[in-house]
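In this chain, numbering begins with 1 at the start of the sequence shown. All figures in this text were calculated on a predicted structure; none of them were measured in a lab.
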Amino acid sequence: IPSNTPASEGIFLEILDEITGLGLNPLRYQMEPSDLNHYTIRIPLVVGSVIKYRYTRHGPEPTIEHNARNEPVRYRLFIVEGKSGVNDIVCGWTDQPYEGNIGRITGHALDSLTSKPAPNILITAGGASSITASDGTFVLDGLSEGTHNIVAYSMEGEYQPFQQGAVVAADSATPTNIELDSSQYVTVTFMV
């Protein structure tokens, strides 16, 4: 978390609505400080889940995290693939803007079997998001320096979710090519 975060205020992990990612009736988990700038929590999650979450600070008034462009973070994504950990960077808060260096992640999302572009894939990292273009390209701009968890998510379910770490350096672009595995199709019969 930013070094200017008031130590007297609680830091929370909010699990948001799984469909919309909206902050309506979130599950809130208070995090424990490891030191002045690091907080942790361990929670049970179902393997295979795609979690939408963000960080909040609770003092006199609740505040949500902001990204490196000083915009509110709607949500972050994490794919639960088994026992694992997530290391995130909170750039700023509603009342404490980010003042550090920024970079970007650029890349292509491709079908792993055909190498054809994968359009309309949600790509997220560091609280920023983008949708791939018709040629599979994407840009996540305004990310803080450091390692971010990049997630590719097919909103229509055509591809399996994908995630990996991506290191962002100041004033530069990190190239990231993503190969997505197709989801298995089944025939469904509807009866009315």
Side-chain angles (χ1 to χ4, degrees), residues 13-27 43-55 64-65 67-69 71-89 91 102-144 146-168 172-192:
L13 169 73
E14 282 190 349
I15 306 288
L16 305 172
D17 178 72
E18 65 184 273
I19 304 300
T20 63
L22 296 176
L24 304 172
N25 301 315
L27 296 173
I43 57 173
L45 297 169
V46 176
V47 173
S49 299
V50 178
I51 305 300
K52 292 180 179 168
Y53 70 99
R54 68 180 175 199
Y55 299 98
I64 64 169
E65 67 170 310
N67 61 25
R69 297 182 116 187
E71 301 164 337
V73 171
R74 183 172 171 203
Y75 60 79
R76 297 171 181 259
L77 288 178
F78 178 70
I79 303 166
V80 182
E81 298 173 325
K83 189 174 183 178
S84 57
V86 179
N87 294 306
D88 287 320
I89 300 167
C91 294
I102 60 172
R104 65 172 44 175
I105 297 173
T106 61
H108 287 84
L110 305 170
D111 185 296
S112 65
L113 290 178
T114 66
S115 296
K116 290 184 179 180
N120 300 317
I121 303 296
L122 174 65
I123 309 290
T124 68
S129 63
S130 178
I131 303 290
T132 58
S134 61
D135 63 355
T137 59
F138 65 90
V139 175
L140 291 171
D141 205 3
L143 296 172
S144 65
T147 301
H148 296 279
N149 186 45
I150 185 168
V151 174
Y153 182 74
S154 174
M155 295 176 286
E156 293 156 4
E158 188 175 353
Y159 295 98
Q160 295 176 23
F162 170 92
Q163 77 181 350
Q164 72 179 27
V167 178
V168 174
S172 65
T174 300
T176 303
N177 289 324
I178 296 171
E179 292 188 3
L180 298 170
D181 294 329
S182 295
S183 295
Q184 183 178 358
Y185 283 87
V186 296
T187 302
V188 177
T189 304
F190 292 85
M191 296 174 59
V192 178

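In this structure the side chain of Val80 reaches within 4.5 angstrom of the side chain of Ile51, judged on heavy atoms. The side-chain heavy atoms of Asp181 and Tyr159, taken from C-beta on, include no pair separated by under 4.5 Å. Contact check for Val73 versus Ile64: no side-chain heavy atoms found under the 4.5 Å cut-off. Using a 4.5 Å heavy-atom cutoff, the side chains of Leu77 and Ile79 are not in contact. A heavy-atom distance below 4.5 Å is not found between the side chains of Ser130 and Val139. Side-chain contact between Tyr53 and Asp88 is present, with heavy atoms from C-beta onward closer than 4.5 Å. Annotation: side chain of Leu140 is not in contact with side chain of Val168 (no heavy-atom distance under 4.5 Å). No side-chain heavy atom of Glu179 sits under 4.5 Å from any side-chain heavy atom of Asn177.
Remark: the backbone N or O of Ile121 is paired with a side-chain donor or acceptor of Thr132 at under 3.5 angstrom. With hydrogens and angles ignored, the 3.5 Å screen pairs a side-chain donor or acceptor of Ser183 with a backbone N or O of Gly157. Thr174 places a side-chain N or O within donor-acceptor distance of the main-chain N or O of Val167, the cut-off being under 3.5 Å. With Thr137 contributing its side chain and His108 its backbone, the two residues share no donor-acceptor pair below 3.5 Å.
Note: Ile105 CD1 to Ile150 CD1 = 4.5 Å, rounded to the nearest 0.5 Å.
Nearest heavy atom pair, residue Ser144 against residue Ala68, reads N-CB, 3.7 Å. Counting all heavy atoms, side chain and backbone alike, Asp111 lies closest to Leu113 at OD1-N, 2.8 Å. In this structure, Ala128 and Leu143 approach most closely via the heavy-atom pair CB-CD2, 3.9 Å. The shortest heavy-atom contact between Leu122 and Tyr75 is CD2-OH, 3.5 Å.
With Asn149 as reference, Gln163 is the one residue of Arg76, Gln163, Gln164 to meet the side-chain hydrogen bond (donor to acceptor under 3.5 Å, both in side chains) rule.
Salt bridge annotation for Arg104-Asp141: present, with a cationic side-chain nitrogen under 4.0 angstrom from a carboxylate oxygen.
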